[in-house]
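Predicted model, so just to flag it, every value in this text is computed and none were measured.
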Amino acid sequence: MAIVYSKAVPLGLAGFFALGGILLYLGLISAGTATYMIDLMYYVGIALAMAIIMSYTGYVSFGHTVFFGIGAFITSLIMGVVYGEALKQGANPYPYFIMGTLLGMAIAAGLAAGVGLVVLKLRGAFFAIATIGLDYTVLNLVKLYEGGFGGGEIHFFVSQSTEEKYVVFFLAFLVTLGIAYYMRISRIGYGLMAIREDEDAAEAAGVDTFRYKILAFTVSAMIAGLWGGVIAWRDAGMVAESSFSLLNSVYMIVMNTIGGLGTFVGPIIGAFIFYPLYRELLTSIPQVALLPMGILVIAIVSLVPEGVAGVLRRWVSQLRRYVY
Amino acid sequence: MPEASVLLANTIYGLLYGSILGIVASGLSIIWGVMKVVNLSHGYWAVVGAYVTIVLYKYVQPSIDPLLSPYIAFALGAILGGLFYYAALHLVIGKVETMTLKAEMSSLLSTFGFGIAIYGFMFFLIGRGYVGQFESIDWTLGNPPSIEVSGIAVRKAQIAAAGMATLIIILVDQFLRKTVLGMAISAVAQDSRAVSLVGINPIRIKLATTVISTGLALMAGALFTVAYPSGINPDLEAKLAPLSFVIVVLGGLGSVIGSYVGGIIIGLTYMLTLGITGSDPIALAVTFIMLIVVLVVKPTGLFGR
């Protein structure tokens, strides 16, 4: 293999956030800064979740938030309904959190695999629309759940220190980074990229495209579910309209598009561009930020379709070892 | 099982609602069928049209009758459609002869970007106080505003809107079939390279298609407000757009008659399921399951090519 893929980016990224954790533990950074980094880990995390199906495989899962929502819902059910009393009495929340999140990830993955058998037979835009349909279907089914807070809403008792949040988010981040990295550099990654480039040619060349697509969709859903569980834990509950909101998918897609499709590093760059910009544009009305975001997406797709990562690769060939 | 009067009521409401949904979907059907562009901004344009009726009645002096608003909305939509074509579509698919997967995904993303930009802009205006987040008008049609059909009260405004929607659908269908521009548009849907060989500029056609589609979208939104003049808000897109996709797929890409029929089917399905189960989430879930089923079983729809 002529190109050596440097591990600099994933290791550097992990190191960066690890450093943040250490500084937090030593009291050298404020809770505000730590929270900023926690949020950043979340956005990079969901960008990478989407990347597996969108950036690597080329299938834009517009309804991907459905898997995030499932993770949030299942975790909230476990922590709020099944073991809600125990938590109110001061039990250790972590076993239930882990249980809920793992179960949520499994169900999200199962749904993806099941529905994927059907919708991954659809091309491009039809696949995108089918996933939107899936999201709305599950959203409305979840809203049927009456937990005493209104349809599809669960709240439970848990509280965490900033340090605890940092550790949990960092662990979830490491898992996400590791899985996404592995998917990219392994043989699976080659297969997915081939599907993205030209699915028929890949099939003709012997790539089992259907199996690879199912795998990518399932793994991608599982990670989205992981973050759903983490966020439900942090927010001590979930609201269906928010957890299943297509806005979550919007962010995932925007980050992937800006950063550059077809790469591992692209979505990460996209998240690092998106999140600070999003925070800057955030006023009392968060939706207003979508106006410049939307314009940015149009500009990227029309003028620089390969995204920031693609531009870096094209102009600075020495960066190809790092930007892949 | 609810009693007959409830079923009758929901059937009537379903037909009325369905015709509005049908015209909302028609614009999407045209742009999708002709240009193979899955216009993810379509729902947002419809909401813009809905606000047009509100603004023209409430904030403009002299107040403009909502029954006129759909036509003003169409004109406005046509102009905005031209802008939309050059901003989001021309660079991406203007010169493309046959839609490749890449072009399709690019146009999906660029229309998506435009859509969320419209959404953000609406909230920008709301933040500045130009419009409210939830707008309603206290306008009614006729005195008394409702008529009785077998004991069911039906608002005249809804009937008027549904009637206008039906007429407009027929007009647009005739336009596409009988006029020169309309036939050229239909031709591009079939083979855009052949169209340029006979001397028609495909870019002009794409522009015209976008103009008509956007005009229809705003007009349909305005009609929606005529029928349902309360609770107009930006998130209405979430109600209209997904259903529009279901309807276009069900009715067949490129067919406005198909959109109308599809709209009626979906309207009836939604209202009757709502009437039988009493649950809005279940009614919506059923319609979205229909989307997935149609996509897998017969993606060309009822009237599709």
Give, as side chain, backbone, both or neither, the part of [X] having an atom under 4.5 angstrom from any heavy atom of chain A.
{"X": "L101(B)", "result": "side chain"}
{"X": "L89(B)", "result": "neither"}
{"X": "F114(B)", "result": "both"}
{"X": "K102(B)", "result": "side chain"}
{"X": "A241(B)", "result": "neither"}
{"X": "S106(B)", "result": "both"}

Measure the [atom1]-[atom2] distance between [X] and [Y] for me, rounded to the nearest 0.5 Å.
{"X": "L28(B)", "Y": "W45(B)", "atom1": "CG", "atom2": "CH2", "answer": "14.0 Å"}
{"X": "I247(B)", "Y": "I23(B)", "atom1": "CD1", "atom2": "CD1", "answer": "12.0 Å"}
{"X": "I31(B)", "Y": "T210(B)", "atom1": "CD1", "atom2": "OG1", "answer": "4.0 Å"}

Between [X] and chain B, which part of the residue has a heavy atom less than 4.5 Å away: side chain, backbone, both or neither?
{"X": "S302(A)", "answer": "both"}
{"X": "A128(A)", "answer": "side chain"}
{"X": "V288(A)", "answer": "both"}
{"X": "I253(A)", "answer": "side chain"}
{"X": "L303(A)", "answer": "side chain"}

Could you go through the salt bridge (charged side-chain N to carboxylate O under 4.0 Å, His left out) check for E199(A) and K213(A) one step at a time? CA-CA 10 Å; E199(A) 190 164 340; K213(A) 283 193 289 189; 2.6 Å; yes
Could you tell me whether F217(A) and F67(A) have their ring centroids closer than 6.0 angstrom?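 That pair passes the under 6.0 Å test.
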So that I know where these two stand, are F274(A) and Y278(A) an aromatic pair - ring centroids less than 6.0 Å apart?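 Centroid separation for F274(A) and Y278(A): below 6.0 Å.
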Which one of [options] has the most heavy-atom pairs closer than 4.5 Å to chain B?
{"options": "D198(A), V119(A), L141(A), V250(A)", "result": "V250(A)"}
{"options": "I129(A), V60(A), I285(A)", "result": "I129(A)"}
{"options": "V297(A), T257(A), T137(A)", "result": "T137(A)"}

For chain A, which of V246(B), I289(B), D280(B), L284(B) has the most heavy-atom pairs under 4.5 Å?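 Looking at each option in turn, the highest pair count goes to L284(B).
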What residue in P234(B), A283(B), S279(B), A117(B) has the most heavy-atom pairs under 4.5 Å with chain A?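 So the answer, after comparing P234(B), A283(B), S279(B), A117(B), is A117(B).
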Check whether any side-chain N or O of R184(A) sits under 3.5 Å from a backbone N or O of V265(A) as a donor-acceptor pair, and report yes or no.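 Flag not set: sc R184(A) to bb V265(A) has no pair under 3.5 Å.
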When you measure from the side chain of S249(A) to the backbone N and O of T65(A), does any donor-acceptor pair fall under 3.5 Å?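 Flag set: sc S249(A) to bb T65(A) pair under 3.5 Å.
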Heavy-atom check, side chain of L290(A) versus side chain of L247(A), under 4.5 Å: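 Of all side-chain heavy-atom pairs linking L247(A) with L290(A), at least one is under 4.5 Å.
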I'd like to check M54(A) versus Y59(A) (side-chain heavy atoms, cut-off strictly below 4.5 Å). Are they in contact?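 Side-chain contact under 4.5 Å: no.
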